[in-house]
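Okay, structure first, notes after.
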Amino acid sequence: MKWLTSLLIGATLQVLAVTASHAGANLDQIKQAGVLKVGTEGTYAPFTYHDESNALVGFDVEIAKAIADKLGVKVQFLEGKWDGLIAGLDANRYDAVINEVGITDARKAKYDFSDPYIASKAVLIVRGDNTDIKTFADLKGKKSAQSLTSNFGKLAEKNGAELVGTDGFDQSIQLLLTGRADATINDSLSFLDFKKHKPDANVKIAAQEENADYSGVIVRKGDPELVAAINKALADIKADGTYKKIADKYFGQDVSN
């Protein structure tokens, strides 16, 4: 049986050697190529979209550039539709996806994430002159403008609101401003982006949920060195003020917590 034991030990050592040789492979390849390939939508303002000159811009675009700079490489963006964006990691189309990707247990089972760099909360939005709605519970019997299948719609319904169906954030705000709805529950970042562009709009946040949803840079499993390098880059851009500058540009405040 000694030969079988020796064979098993040898096989184990071979697996460990192969695993060790691949650890850090992605980071090594990125540095050797001098390019960080990033998957992104390019149609999701204010995170990643095209401006009037058709240049790719946005919060996540600038964050990706800042991360690449800290890694000592350039960034190459590869655009794709959301439905297949994360799957592009499996096909080795890019090294990371930076596109406000929510950190969920289901995704963590298959992929690795950086530390969170975006936090968003469900907020209750009302007209600026509204004094009746101060909490989510105050939605009982009120009309809330919502995408009917969204989690925000379910939250409004849970609190007793009558839902007024909309196609998204902009339409919800319009129904609110015209008095066809009393409120809307939506994403805090969408609200900050809206107020950044329309600071005089007669809307305000009446309440917000305590628990935040977090987003991070998503990469293939099995390269802790790459994750560590991205985490260090994120920490560095927060420490040197780069993150705050980018966040202020798009949201008017830090959106990391």
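Here the structure is a predicted model, which is why all the values come from computation and not from measurement.
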Quick check on the 6.0 Å ring-centre criterion: do Phe59 and Phe251 meet it? yes

Looking only at heavy atoms, the pair that brings Leu189 and Ala119 closest together is CD2-O, 3.8 Å

Minimum heavy-atom distance Ile246-Ala66, with the two atoms named: CD1-CB, 4.5 Å

Using 4.0 Å as the upper bound for N to carboxylate O, is an ion pair formed by Lys232 and Asp236? yes

How close do Leu176 and Ala181 get, heavy atom to heavy atom, and via which atoms? CD1-O, 3.6 Å

Distance (rounded to the nearest 0.5 Å) between Asp132 CG and Asp138 CG: 8.0 Å

For the residue pair Asp240 and Lys70, establish whether any side-chain heavy-atom pair is separated by less than 4.5 Å. yes

Any side-chain hydrogen bond (donor to acceptor under 3.5 Å, both in side chains) involving residues 194-211? Give me the pairs, sequence neighbours left out, ordered by first then second residue. Asp193-His197

Separation between NE2 (His50) and CD (Glu79), nearest 0.5 Å, reads 3.5 Å

Decide yes or no for Leu139 and Ile185: does some side-chain heavy atom of the first lie under 4.5 Å from some side-chain heavy atom of the second? yes

If you measure from CD on Gln146 to OG1 on Thr166, what distance do you get to the nearest 0.5 Å? 7.0 Å

From CA spacing to verdict: side chain to side chain contact (heavy atoms under 4.5 Å, CB included), Asn186, Phe191: CA-CA 7 Å; Asn186 244 292; Phe191 180 80; over 6 Å; no

With a 4.5 Å heavy-atom cut-off, do Thr43 and Trp82 have their side chains touching? no

Quick one: closest heavy-atom pair of Gly42 and Thr48, and the distance? N-OG1, 3.0 Å

Hey, mind stepping through Asp60 and Ile118 against side chain to side chain contact (heavy atoms under 4.5 Å, CB included) and telling me if it holds? CA-CA 10 Å; Asp60 271 329; Ile118 298 173; 3.9 Å; yes

So, the side chain of Tyr94 versus the backbone of Leu85: is there a donor-acceptor pair under 3.5 Å, distance only? yes

Going by heavy atoms in the side chains, are Ile237 and Ile63 under 4.5 Å from each other? yes

To the nearest 0.5 Å, what is the distance between CG (Leu175) and CG (Asp170)? 11.0 Å

Does Leu27 belong to the same Ile/Leu/Val/Met/Phe/Trp/Tyr cluster as Leu234, with side-chain heavy atoms less than 4.5 Å apart forming each link? yes

From Asn26 CG over to Arg220 CZ, what is the distance, rounded to the nearest 0.5 angstrom? 5.0 Å

Measuring only between side-chain heavy atoms, which start at C-beta, is Lys142 closer than 4.5 Å to Ile133? yes

Taking all heavy atoms of Phe136 and all of Ala122, pick out the closest pair and write down the distance. CZ-O, 3.9 Å

Within the distance-only criterion (no hydrogens, no angle test), does the side chain of Arg127 pair as donor or acceptor with the backbone N or O of Asp182 below 3.5 angstrom? no

Cluster check Val75, Tyr49: I/L/V/M/F/W/Y, side chain < 4.5 angstrom: yes

In this structure, CG of Leu148 is separated from CG of Asp167 (nearest 0.5 Å) by 9.5 Å

Let me know which of Lys245, Lys249, Lys244 forms a salt bridge (charged side-chain N to carboxylate O under 4.0 Å, His left out) with Glu62. Lys249

Decide yes or no on salt bridge (Lys or Arg N to Asp or Glu O under 4.0 Å) for Asp115 and Lys238, but give the supporting numbers first. CA-CA 12 Å; Asp115 292 333; Lys238 287 179 181 179; over 6 Å; no

Are Val61 and Tyr243 grouped together when hydrophobic residues (ILVMFWY) are joined by side-chain heavy atoms under 4.5 angstrom apart? yes

Let me see the working for Val255 and Tyr250 under side chain to side chain contact (heavy atoms under 4.5 Å, CB included), right down to the final yes or no. CA-CA 10 Å; Val255 294; Tyr250 289 96; over 6 Å; no

Linking I/L/V/M/F/W/Y whenever their side-chain heavy atoms sit closer than 4.5 Å, directly or via other members, would Leu78 and Leu71 fall into one cluster? no

For residues 95-114, tabulate all N or O donor-acceptor pairs below 3.5 Å that involve a side-chain atom, not counting sequence neighbours.
residue : atom : partner : partner atom : Å
Asp95   : OD2  : Lys37   : N            : 2.7
Asn99   : OD1  : Thr40   : OG1          : 3.1
Asn99   : OD1  : Glu41   : N            : 2.8
Asn99   : ND2  : Glu41   : OE1          : 2.7
Glu100  : OE1  : Tyr44   : OH           : 2.3
Thr104  : OG1  : Arg107  : N            : 3.2
Arg107  : NH1  : Gly102  : O            : 2.8
Lys110  : NZ   : Asp90   : OD2          : 3.4
Tyr111  : OH   : Asp90   : OD1          : 3.3
Tyr111  : OH   : Asp90   : OD2          : 2.8
Asp112  : OD1  : Lys221  : NZ           : 3.0
Asp112  : OD2  : Gly222  : N            : 3.4
Ser114  : OG   : Val217  : N            : 2.9

With side chain to side chain contact (heavy atoms under 4.5 Å, CB included) as the test, would you mind laying out the steps for Thr184 and Phe152 before giving the verdict? CA-CA 8 Å; Thr184 180; Phe152 298 131; over 6 Å; no

